[in-house]
Asks: 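Attaching a single structure in structure tokens format; questions to follow.
Naming convention: chains lettered A, B, ... in sequence-line order (proteins, then strands); numbering from 1 in each chain. Note that the structure is predicted; figures quoted are calculated from it, not measured. No hydrogens, no waters, no symmetry mates; every other heavy atom, side chains included, goes into these values.
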Amino acid sequence: MVKIASWNINSVRLRIDQVARFVDEHEPDVLCLQEIKTLEKNFPHEAFETLGYTYRAVHGQKGYHGVATVSRIPFRDFSKHDWQDNGEARHIGVELLGRGQGLILENVYIPAGGDVPDRQVNPKFGQKLDFLDRMTRWAGEIERPTLLVGDFNVAPLECDVYDHRALLKVVSHTPIEVEALSRLRDAHGWVDLGRHFIPPPGRNYSWWSYRSYWRQKDHGRRLDHMWASPELVAQAKAHTFVEDTRRWEKPSDHVPLVTEFDL
DNA sequence: ATGTCAGGATGGTCCTGA
């Protein structure tokens, strides 16, 4: 079995001890991180080496964003896209080796999109939609089994938010974003493993605002996802959201997702 | 009831992004 995890860590340097605890408790073979908030040269390579993650691909930037994939299974760097064409580090792709024909693992941090769901008023919302459109064109060309994971910053289903009606005009759950995400999924025929294993209306939030009102009310949203190519779905044997991490001291606002594959 | 958090540059607090 190969265990693959994805976690928006919200600063990998600040939370490296939490990463170590998560690794100790869950032993993922591969860990995809988003919002590492550091340049590659300041990434805690030694800590990951000690944890057994010999193979590391880091696409970092100073202060904001940034993604990294670390692995105990050999991989080769495969791709590094900039779907905003503005230099932000939001994607890293690797090919896991030694597992049959190889598995492509794409780790992405889709832009949050600002506060106002109108590209005329808020350019960040337009950037988010354009990012999704460019990913969709890219996805149409994929010809190999591909697992797409990360913080997508979109909660697509009604049951993916605490109040569907209240959030229809809130960035992350607007129909225009949900439709764009749906086009991305259909461009390759990906299967949403979160809802494959926890069918609607099962609760599986992955993000809660740090603002205490929402946290106390359990007002979560499912912003983090793992999507599998159709030919990979039968090999996915288990999928969980690890909510324990929310109760740790100074947690990330996102929780990890873990899928076990029989590759 | 958007009530917080993190990083960075600055200069000992503010700004940006989320």
Asks: Which pairs count as side-chain hydrogen bond (donor to acceptor under 3.5 Å, both in side chains) when at least one residue sits in residues 194-205 of chain A, sequence neighbours excluded?
Replies: D160(A)-R195(A), R195(A)-N204(A), R203(A)-D218(A), R203(A)-E243(A)
Asks: Can you check the distance between dT4(B) and dT10(B), where both ends of the measurement are the P atom (answer in whole Å)?
Replies: 27 Å
Asks: How many Å lie between CD1 on I36(A) and P on dG17(B), as a whole number?
Replies: 18 Å
Asks: Can you check the N8(A) CG to dG7(B) P distance for me, whole Å?
Replies: 12 Å
Asks: Could you check how far CH2 of W207(A) sits from P of dT2(B), rounded to whole Å?
Replies: 12 Å
Asks: Quick check: H254(A) with W7(A) (ring centres under 6.0 Å apart)?
Replies: no
Asks: Take atom C1' in dA18(B) and the same atom in dT2(B), then report the distance between them in whole Å.
Replies: 12 Å
Asks: Of all residues at least two apart in sequence or in a different chain, which pass the side chain to side chain contact (heavy atoms under 4.5 Å, CB included) check with N10(A)?
Replies: N8(A), R15(A), E35(A), K37(A), Y210(A), S252(A), D253(A)
Asks: When the C1' atoms of dG11(B) and dC15(B) are compared, how many Å lie between them, rounded to an integer?
Replies: 14 Å
Asks: Is it true that R165(A) and E158(A) make a salt bridge, defined as a side-chain N closer than 4.0 Å to a carboxylate O?
Replies: no
Asks: dA6(B) P sits how many Å from Y109(A) OH, rounded?
Replies: 14 Å
Asks: If you assign each of R90(A) and P251(A) to its closest nucleotide in DNA chain B, which residue comes earlier from the 5' end?
Replies: P251(A)
Asks: Can you tell me the distance, in whole Å, between the CG atom of N42(A) and the P atom of dA6(B)?
Replies: 18 Å
Asks: Assign each of H65(A) and Q61(A) to its nearest nucleotide of DNA chain B by heavy atoms, then name whichever residue's nucleotide is nearer the 5' end.
Replies: Q61(A)
Asks: In terms of side-chain geometry, is the basic nitrogen of D244(A) or R247(A) positioned less than 4.0 Å from the acidic oxygen of its partner?
Replies: yes
Asks: Apply the hydrophobic cluster definition, ILVMFWY joined by side-chain contacts under 4.5 Å directly or through others, and give me every member besides Y109(A).
Replies: V67(A), I92(A)
Asks: Between C1' on dG17(B) and CG on L223(A), what's the gap in Å once rounded to a whole number?
Replies: 15 Å
Asks: For the pair R119(A) and D130(A), find out whether any cationic side-chain nitrogen is under 4.0 Å from an anionic carboxylate oxygen.
Replies: yes
Asks: Nearest of dG8(B), dG17(B), dT2(B) to any side-chain atom of K37(A)?
Replies: dG17(B)
Asks: Without decimals, in angstroms, what is the distance between D253(A) CG and dG17(B) C1'?
Replies: 12 Å
Asks: Separation of Y210(A) atom OH from dC5(B) atom C1', in whole Å?
Replies: 6 Å
Asks: Kindly give the cluster partners of V191(A), where membership spreads through any ILVMFWY side chain lying under 4.5 Å from a current member.
Replies: V233(A)
Asks: To check you understand the geometry: which heavy-atom pair defines the closest contact between F241(A) and R222(A), and what is its length?
Replies: CZ-CD, 4.1 Å
Asks: Tell me which residues in residues 9-20 of chain A put a heavy atom below 4.0 Å from DNA chain B, sorted by number, or none.
Replies: N10(A), S11(A), R13(A), L14(A), R15(A)
Asks: State whether K128(A) and E177(A) are salt-bridged, where the test is any N-O pair (Lys NZ or Arg NE/NH1/NH2 against Asp/Glu carboxylate O) under 4.0 Å.
Replies: yes
Asks: Does a side-chain N or O from K62(A) land closer than 4.0 Å to OP1 or OP2 of dG7(B), or not?
Replies: no
Asks: How far, in whole Å, is dG17(B) from dG12(B) if one measures between their P atoms?
Replies: 23 Å
Asks: Do any N or O atoms of the protein come closer than 3.5 Å to N or O atoms of nucleotides 13-15 of chain B, and which pairs are they?
Replies:
none

